[in-house]
Amino acid sequence: MAGLFTWLWDWLLWVFWATEMDVTIVGLQNAGKTSLVRVLAGNDFASDSLPTVAFNKKEVKKGHVSIKCWDLGGQPRFRSMWERYCRDVNAIVFVVDASDKDAIPVVKEELHALLDKETLEGIPLLILGNKSDLANKLTVDELIDQLDLKTVLHREISCYGVSAKEETNLEAVLQWLVARSGK
């Protein structure tokens, strides 16, 4: 009987006090965006993910918060639509392959081009250096420096090293997102 009461209580909390938020996840192709969203949603890591064409939508639940994740394709032909899907969201998550140092100049260019959009002003930004389980990856401090994040003004910004494969720091990512659900 106690289990039924707990279930009923949780259900009532969800129905009357649930919070929904929208998050857009962007980054260059092969950064691990889709794998990250899969693992955040409670699914197993899959190393054979196909490249995202246009976008995928996945819902992630954390406590009383339902997070709608818009996972956008990172190929050059899809980057022009990033801004449209980033408007009016609770947060923008920019995923970087921290092991692909050669891609960092393009990452920096695309990130700053996105952040320069007037329609996205003030939206909190979370930079995730994915694939932190691999050798020779950039540290969080190196990402902050090489992406010139200290020059980003007038917006909340955080940067974490994560691994979708090893599930490193994913709880911190969810906590960061949930904390912005009321904004």
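Residues: numbered from 1 along the sequence shown.
A distance of 7.0 Å separates SG in Cys69 from CG in Leu177, rounded to the nearest 0.5 Å. Ser163 contributes atom OG, which lies 3.5 Å from atom CG of Asp133 (distance to the nearest 0.5 angstrom). Once rounded to the nearest 0.5 Å, the distance linking CD of Glu83 with CG of Leu120 reads 5.0 Å. To the nearest 0.5 angstrom, Lys137 atom NZ is 11.0 Å from Leu143 atom CG. The CZ atom of Arg87 sits 11.5 Å away from the CD atom of Glu118 when rounded to the nearest 0.5 Å. The structure places CZ of Arg155 at 4.5 Å from CG of Leu115, a figure rounded to the nearest 0.5 Å.
Put simply, the side chain of Glu166 does not reach to within 4.5 Å of the side chain of Ser132, judged on heavy atoms. Asp100 places a side-chain heavy atom less than 4.5 Å from the side chain of Asp102.
At most 12 heavy atoms of other shown residues, nucleotides or ligands fall within 6.0 angstrom of atom CG in Asn136. In the displayed structure, Lys101 atom NZ is contacted under 6.0 Å by more than 12 heavy atoms of other residues, nucleotides or ligands.
Checked by atom type and distance alone, the side chain of Asn130 pairs as donor or acceptor with a backbone atom of Ala164 at under 3.5 Å. Remark: side-chain polar atoms of Lys108 are not paired, donor with acceptor, to backbone N or O of Ala103 under 3.5 angstrom. Arg79 places no side-chain N or O within 3.5 Å of a backbone atom of Gly73 that could act as its donor or acceptor partner. The main-chain N or O of Asp148 is found under 3.5 Å from a side-chain atom of Thr151 such that the two form a donor-acceptor pair. Formation of a donor-acceptor pair under 3.5 Å by the Asp22 side chain with backbone atoms of Asn90 is not found in this model. Put simply, the side chain of His112 gets close to the backbone of Leu147: a donor and an acceptor are under 3.5 Å apart.
For the pair Val89 and Cys86, the tightest heavy-atom approach, listed with the atom from each and the gap, is CG2-O, 3.1 Å. The heavy-atom pair separating Ala31 from Lys131 by the smallest distance is O-CE, 3.7 Å. In terms of heavy atoms, Val96 sits closest to Val107 at CG2-CG1, 3.8 Å. For the residue pair Gln29 and Pro76, the shortest heavy atom distance occurs at OE1-CD, 4.1 Å.
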Problem - Trace of the side-chain contact (heavy atoms from CB on, under 4.5 Å) decision for Val173 with Tyr160 - result: CA-CA 8 Å; Val173 169; Tyr160 297 151; 4.0 Å; yes

Handout entry: Residues Leu125, Leu111; criterion side-chain contact (heavy atoms from CB on, under 4.5 Å); working and verdict
Key = CA-CA 10 Å; Leu125 173 69; Leu111 172 64; 4.1 Å; yes

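Side chain to side chain, Ser158 and Trp176 meet the donor-acceptor criterion of an N or O pair below 3.5 Å. For the residue pair Thr139/Asp141, the side-chain donor-acceptor check at 3.5 Å is not satisfied.
Screening Ile104, Asp97, Ile144 against Leu138 for a side-chain contact (heavy atoms from CB on, under 4.5 Å) leaves a single residue, Ile104. Each of Tyr85, Phe94, Trp82 was evaluated against Thr24; a single residue qualifies, Tyr85, per the side-chain contact (heavy atoms from CB on, under 4.5 Å) test. No option in Val93, Ile92, Asp71 other than Ile92 meets the side-chain contact (heavy atoms from CB on, under 4.5 Å) test with Val26.
Between Arg180 and Glu156, at least one side-chain N (NZ, or NE/NH1/NH2) sits under 4.0 Å from a carboxylate O, which counts as a salt bridge.
Leu36 and Leu134 are assigned to two separate hydrophobic clusters, defined by single-linkage of ILVMFWY side chains at heavy-atom distances under 4.5 Å.
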